[in-house]
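Here the structure comes first, spelled out in structure tokens, and everything after it is commentary.
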Amino acid sequence: MNREAGPTVNDGPFDCVVRGGRVVMEKDIRVCDVAIQDGLIVALGQDLGEARQVLDAGGHLVLPGGIDAHCHLAQRSAFGIMTADDFVSGSVSAACGGTTTIIPFAPQQKGESLRDAVAAYAEKAHGKSVLDYGFNLIISDPTPTVLTEELPRLVGEGHTAVKVFMTYDSVRIDDGQLLDVLERARDLGALTMVHAENHDLIQWLTRRLIARGDTAPRFHARAHAPESEREAVHRVIALAEAAEAPVYVVHLSDELAIDEVRRARARGVPVLGETCPQYLVLTEEDLDRPGFEGAKFVFSPPARPPGTPEKVWEALAEGVIQTVHSDHAGYRFDDSRGKKLHGDEAPFHRIPNGVPGLELRLPLLFSEGVTKGRLDLRRFVQLTAENPARIFGLHPRKGTIRLGADADLAIWDPEETRRVSIDMLHDRMDYTPYEGMEVTGWPVTTLSRGRLVWHDGQPRGKARHGELLRRTSPQIADFRPKR
Ligand code: URP
Ligand code: ZN
Ligand code: ZN
């Protein structure tokens with residue numbers, strides 16, 4: 001037996017060996033076996049010998065399982081309705097798409113204790129997830145008690161990222177509060193994630209559009225104009241600079257906003273950026289589908305004009321944007337507690353915002369990115385696993401294939417082509433925005449700490465398997481812009 005990658009913790013037979021795949025590691029890509037014992041990667045090398053379970057990965061890639069640090073599960077939205085997916089369906093669906101860690105949001109309502117909010121959310125998650133999970137904490141009411149008493153304890157318990165909103169009436173905070181959060185998070189070694197859109201501009205544009213009778217779903221993109229995102233991204237970067245705090249801008253959709261991040265990074269500001277498959281694949285033309293179909297594509301910031309996705313791809317390849325997460329926020333289409341909350345002729349501003357994406361995040365990014373030559377394999381793994389692990393305090397336990405790491409793996413067939421249909425997915429949605437798309441590159445097996453959670457076209461996870469992760473501080477230094 002040749003274990004060229006170093007010592008092992010036992011001499012086998014191992015619990016599992018993933019045999020002969022092309023393994024994407026941090027420093028190189030190599031054809032080798034991956035041996036798993038007690039949920040950990042314990043050997044990497046040639047001909048690793050016997051195991052209780054052998055998974056043949058010949059001709060396939062072996063990738064670190066994806067980490068999705070921006071998804072909404074079992075969460076009441078800014079529109080007051082619950083997401084269609086909870087920790088059971090969300091984690092199963094994620095696993096079937098090659099993701100092995102999910103970090104949805106524990107939301108604080110205004111007037112509520114953050115601690116109580118997190119405790120209530122933990123209750124919803126407990127014993128439900130087939131994957132390991134963490135919580136990012138939505139702060140909508142940053143009172144002195146929240147910032148000086150509750151947050152330090154929560155960060156100490158491993159919840160090392162918070163999220164704030166610059167828009168949505170029910171959750172938004174003002175600039176002074178945003179400064180308080182940025183400063184406090186910095187002091188505690190936590191990361192501030194920001195939904196950046198200019199609330200007043202959206203409201204102003206919405207009033208004008210509605211007054212003119214421009215109420216169809218396609219006017220959602222007009223109301224959430226690129227200027228709204230660009231201004232808010234500019235402002236939050238300025239505030240973060242003033243507070244000397246790192247900041248992470250979620251769901252960047254547009255070249256103007258991305259330019260703000262690019263310029264700030266060129267100045268050496270520690271601003272990190274995320275985008276999502278919907279900004280790489282969809283355009284505002286999807287909002288203009290017949291009847292109420294456009295409602296399926298209402299999310300914020302909205303999809304942008306044709307041509308913009310190519311700019312977002314460039315930012316991914318260039319390193320201006322560090323992560324691709326799903327922003328999975330599923331609301332069923334034909335449902336009075338979903339997109340039709342206010343009926344099937346509702347004006348655009350009454351349509352719940354959000355699209356599903358946990359299961360298709362990796363296949364879409366692989367197909368449109370790697371298969372089509374916009375991203376190389378290493379970049380794909382950085383964007384979907386390694387960078388999220390570093391930024392969200394999970395590296396090197398997760399997001400990487402190395403000795404001692406959790407055996408969270410996606411065995412990937414880079415050549416399998418399938419046409420997307422809602423029937424093949426495992427969430428609780430009644431539509432997918434990607435219906436009919438041809439996608440090349442799918443996971444054939446997903447392992448969470450060595451356990452099968454997707455195999456032979458079947459979900460295999462057990463709800464009690466997933467554990468709440470205690471995360472460390474974000475490794476921001478790894479992403480400091482080089483000047
Ligand atoms: O439209 C979106 N993105 N819905 C989910 C909530 C949020 O804004 O992230
Ligand atoms: Zn958002
Ligand atoms: Zn979101």
Side-chain angles (χ1 to χ4, degrees), residues 68-85 90 94 102-109 121 134-140 161-173 178 191-199 202 206 217 220-221 223-224 228-229 232-233 236 247-254 257 272-282 284 286-287 294-304 312 321 323-333 338-339 341 346 348-358 361 388 392 427 429 431 433:
D68 196 332
H70 184 163
C71 50
H72 303 267
L73 297 176
Q75 189 198 323
R76 196 168 292 285
S77 77
F79 285 72
I81 51 170
M82 284 303 282
T83 53
D85 287 300
I102 51 174
I103 315 182
F105 295 100
Q108 178 206 26
Q109 310 301 326
Y121 196 64
F135 308 140
N136 291 325
L137 314 182
I138 291 177
I139 300 183
S140 64
V162 301
K163 180 179 179 196
V164 293
F165 288 84
M166 296 168 82
T167 186
Y168 293 135
D169 278 319
S170 57
V171 283
R172 78 191 174 103
I173 61 174
L178 181 45
L191 182 67
T192 304
M193 310 165 74
V194 182
H195 175 131
E197 288 185 287
N198 181 312
H199 183 74
I202 294 167
T206 299
H220 174 72
H224 291 249
S228 150
E229 187 183 358
V233 171
V236 72
V247 68
Y248 175 100
V249 185
V250 296
H251 48 44
L252 286 161
S253 73
D254 186 67
L272 304 173
E274 169 199 273
T275 193
C276 316
Q278 50 270 38
Y279 303 113
L280 296 162
V281 169
L282 304 176
E284 65 181 18
D286 291 301
L287 281 163
K296 293 178 176 175
F297 302 87
V298 169
F299 50 85
S300 293
R304 300 299 185 186
V312 186
I321 292 176
T323 63
V324 178
H325 295 139
S326 69
D327 192 11
H328 179 98
Y331 303 104
R332 290 166 61 86
F333 177 63
K339 293 285 184 181
L341 179 65
F348 67 83
H349 66 305
R350 298 258 180 264
I351 301 170
N353 285 203
V355 277
L358 264 169
R361 175 183 66 125
F392 291 89
D427 57 19
M429 292 297 293
Y431 82 95

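We count ligands from 1, going down the list as the structure has it; atoms in each ligand are counted the same way.
Checked against the 6.0 Å centroid criterion, the rings of F135 and F105 do not qualify as a close aromatic pair. Aromatic rings from Y279 and F299 are positioned such that their centres are separated by under 6.0 Å.
Around the Zn ion (ligand 3), protein N, O or S atoms at less than 2.8 Å comprise H70 NE2, H72 NE2, D327 OD1.
Cation-pi check for K339 over Y331 is not met; the charged atom does not lie both under 6.0 angstrom from the ring centroid and within 45 degrees of its normal.
Remark: H195 engages F165, Y168, H251 in a ring-ring contact (aromatic ring centres under 6.0 Å, His included) (not counting sequence neighbours). Under the rule for a side-chain hydrogen bond (donor to acceptor under 3.5 Å, both in side chains), the partners of H72 that lie at least two apart in sequence or sit in another chain are H70, Q75, D327.
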Checking side-chain hydrogen bond (donor to acceptor under 3.5 Å, both in side chains) for the pair E197/H224: CA distance, chi angles, key distance, verdict?
CA-CA 8 Å; E197 288 185 287; H224 291 249; 2.8 Å; yes
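A donor-acceptor pair shorter than 3.5 Å cannot be found between the side chains of D427 and H328. Side chain to side chain, R304 and S253 meet the donor-acceptor criterion of an N or O pair below 3.5 Å.
Between R172 and M166, the closest side-chain pair of non-hydrogen atoms is not below 4.5 Å.
Listed by chain and residue number, the protein contacts of ligand 1 are H70, H72, K163, F165, Y168, H195, H251, F299, S300, D327, A329, N353, G354 (heavy atom within 4.0 angstrom).
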